[in-house]
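Per chain, numbering begins at 1; letters A, B, ... match sequence-line order. Since the structure is predicted, the reported quantities are computational estimates derived from the model, not experimental observations.
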There are 2 protein chains.
Amino acid sequence: MSKSSSSIILDSFDLSILNILQRDNMTPQRVIGEAVSLSAPAVQRRIRRMEEAGIIQANVAVVDPAQVGQTITIFVEVEVISETAELIDAAKREFASVPEVQQCYYVTGEADFVLVIVVPTMTAYEALTRRLFFGNNNVKRFRTFVAMDRVKVGLTVSLPG
Amino acid sequence: MSKSSSSIILDSFDLSILNILQRDNMTPQRVIGEAVSLSAPAVQRRIRRMEEAGIIQANVAVVDPAQVGQTITIFVEVEVISETAELIDAAKREFASVPEVQQCYYVTGEADFVLVIVVPTMTAYEALTRRLFFGNNNVKRFRTFVAMDRVKVGLTVSLPG
DNA sequence: TAGTCGGACGCAAGAATCTTTCGTGTGGGC
DNA sequence: GCCCACACGAAAGATTCTTGCGTCCGACTA
């Protein structure tokens, strides 16, 4: 967990490499090298540098929730009562600590938090709401959107170059 | 791209392996084997089987958007006018085809679509709204939520076992 | 201009990992 | 009781990752 976050400068080689790794990080360095006109060791050094700088945050397998019994994806907008720093931080920590909460954003607008939740059943979701929202005095209101189709899901970032 | 989607049965070994790969798919099979009490080839066979079945959908590097100049994450709820199958499909295809759209869900509730968008600047977002929402006759209304903090971001699925 | 230094490269060797093959053991069905 | 399908582990082979080394290019300095 050594996040230097040195904010290094990326050239077009780095961006091309990222573009490949974003889609398939099992691509051999030799193949990446051929794609960007660089040797395999050069590719490897650049990848390591970007990992150390925190530009590459993780290397993960994407699992299809439906095939492991987690069939329901839900969006929730949460509105809080008091927006003091302490209460917001507490909410952030609480939401982030729940395994079913896949994503949590603190936002501006008509809501304060947006959550992406993945659960096996509606019953499980209901239990979660009771614990997370009704059991939290600072939650004023929340709105639920049940996903009928995960049209596009990814963390891929559109890169220049 | 061979998605058999045979819906194979997963035992607790598979789930443990998925749990590891979800967090770090660069973990050597030997290490995974030690963690789940299996030999490296057995782990490898199970991983390949899950990839072929589509349970493991992809292996990707997670890139920090902020460090590649994509500093703004935005949520958008989109409400359409007509919800015929053709128009919905057209919208799905259009949203999914935009690189800046990281995620797109078709949902029930007060909105029809929820999008997660990552852009470098507000100007870029404005241009995107003009093209994607104002330029689409079937979009009735859309609401924007700008993320101030990406509290938790991932695709990790909470697995039983 | 000449000299020095840092950084990144490619090549090649070594280390580690992945992948396949093969023989064995176990459980279900005939 | 026998056979077959399936998954396993061990070991060998193939591929990939990683490191060491010499070279090259650009920047900075005298």
Side-chain angles (χ1 to χ4, degrees), chain A residues 1-64 67-69 159-161, chain B residues 1-64 67-69 159-161:
Chain A
M1 304 299 172
S2 54
K3 279 191 186 173
S4 308
S5 291
S6 310
S7 195
I8 56 179
I9 298 161
L10 302 181
D11 60 17
S12 69
F13 284 119
D14 295 314
L15 293 175
S16 300
I17 293 170
L18 282 181
N19 243 328
I20 294 172
L21 295 181
Q22 266 195 134
R23 290 171 174 76
D24 181 10
N25 71 357
M26 305 295 255
T27 312
Q29 294 168 357
R30 177 180 48 79
V31 175
I32 300 174
E34 290 165 6
V36 304
S37 302
L38 229 50
S39 72
V43 171
Q44 137 83 351
R45 281 187 284 258
R46 282 166 179 271
I47 291 174
R48 193 159 52 80
R49 196 162 48 92
M50 291 192 284
E51 282 175 345
E52 287 169 355
I55 293 168
I56 295 176
Q57 294 186 312
N59 287 285
V60 303
V62 180
V63 175
D64 182 2
Q67 294 210 44
V68 291
L159 295 177
Chain B
M1 301 300 175
S2 55
K3 278 191 187 173
S4 309
S5 292
S6 310
S7 196
I8 56 179
I9 298 161
L10 302 180
D11 60 17
S12 70
F13 285 118
D14 294 314
L15 293 174
S16 300
I17 293 169
L18 282 181
N19 243 329
I20 295 172
L21 294 181
Q22 266 196 133
R23 291 171 173 75
D24 181 10
N25 70 358
M26 304 295 256
T27 312
Q29 294 168 357
R30 177 181 49 78
V31 175
I32 299 174
E34 289 165 7
V36 303
S37 302
L38 230 49
S39 70
V43 171
Q44 137 82 354
R45 282 185 286 258
R46 283 166 179 273
I47 292 174
R48 193 158 52 81
R49 197 162 48 94
M50 292 192 284
E51 283 175 344
E52 287 169 355
I55 293 168
I56 296 176
Q57 295 186 311
N59 286 286
V60 304
V62 179
V63 175
D64 182 3
Q67 292 210 46
V68 290
L159 295 177

How close or far is atom C1' of dC17(D) from atom CG of Leu21(A), stated in whole angstroms? 14 Å

Strictly under 4.0 angstrom, non-hydrogen atoms only: write out the protein contact profile of nucleotides 16-25 of chain C, one letter per nucleotide from the 5' end, B, S or -. -SSBBB----

So CG of Leu10(A) and CE of Met50(A): to nearest 0.5 Å the spacing works out to 6.5 Å

Nearest whole Å is fine: how far is dA7(D) P from Met50(B) CE? 13 Å

Suppose we screen for side-chain contact (heavy atoms from CB on, under 4.5 Å). Which residues come up paired with Val62(A), at least two apart in sequence or across chains? Gln57(B), Ala58(B), Val60(B), Leu155(B)

Atom CD1 of Ile47(A) and atom P of dT19(D) are separated, to the nearest Å, by 13 Å

Provide the full list of salt bridge (Lys or Arg N to Asp or Glu O under 4.0 Å) pairs with a residue in residues 9-21 of chain A, sequence neighbours left out, each pair given once. Asp11(A)-Arg46(A), Asp14(A)-Arg46(A), Asp14(A)-Arg49(A)

Please, which pairs that meet side-chain hydrogen bond (donor to acceptor under 3.5 Å, both in side chains) have at least one residue in residues 24-33 of chain B, sequence neighbours excluded? Asn25(A)-Asn25(B), Asn25(B)-Asn59(B), Gln29(B)-Gln44(B)

Residues which pass salt bridge (charged side-chain N to carboxylate O under 4.0 Å, His left out) with Arg23(B), listed by chain and number, not counting sequence neighbours: none

Interatomic distance, Ile17(A) CD1 vs dC17(D) P [rounded to whole Å]: 13 Å

Length of the CD-P vector between Glu52(A) and dT18(D), whole Å: 12 Å

Euclidean distance, atom CZ of residue Arg49(A) to atom C1' of dA8(C) [Å, nearest integer]: 9 Å

List for me each residue that meets side-chain contact (heavy atoms from CB on, under 4.5 Å) alongside Val63(A), sequence neighbours excluded, and say none if there are none. Val68(A), Leu18(B), Gln22(B), Ile55(B)

At under 4.0 Å between heavy atoms, what does Arg46(B) touch on the DNA or RNA strands: base, sugar-phosphate, or nothing? sugar-phosphate

Separation of dA8(C) atom C1' from Leu10(A) atom CG, nearest Å, is 16 Å

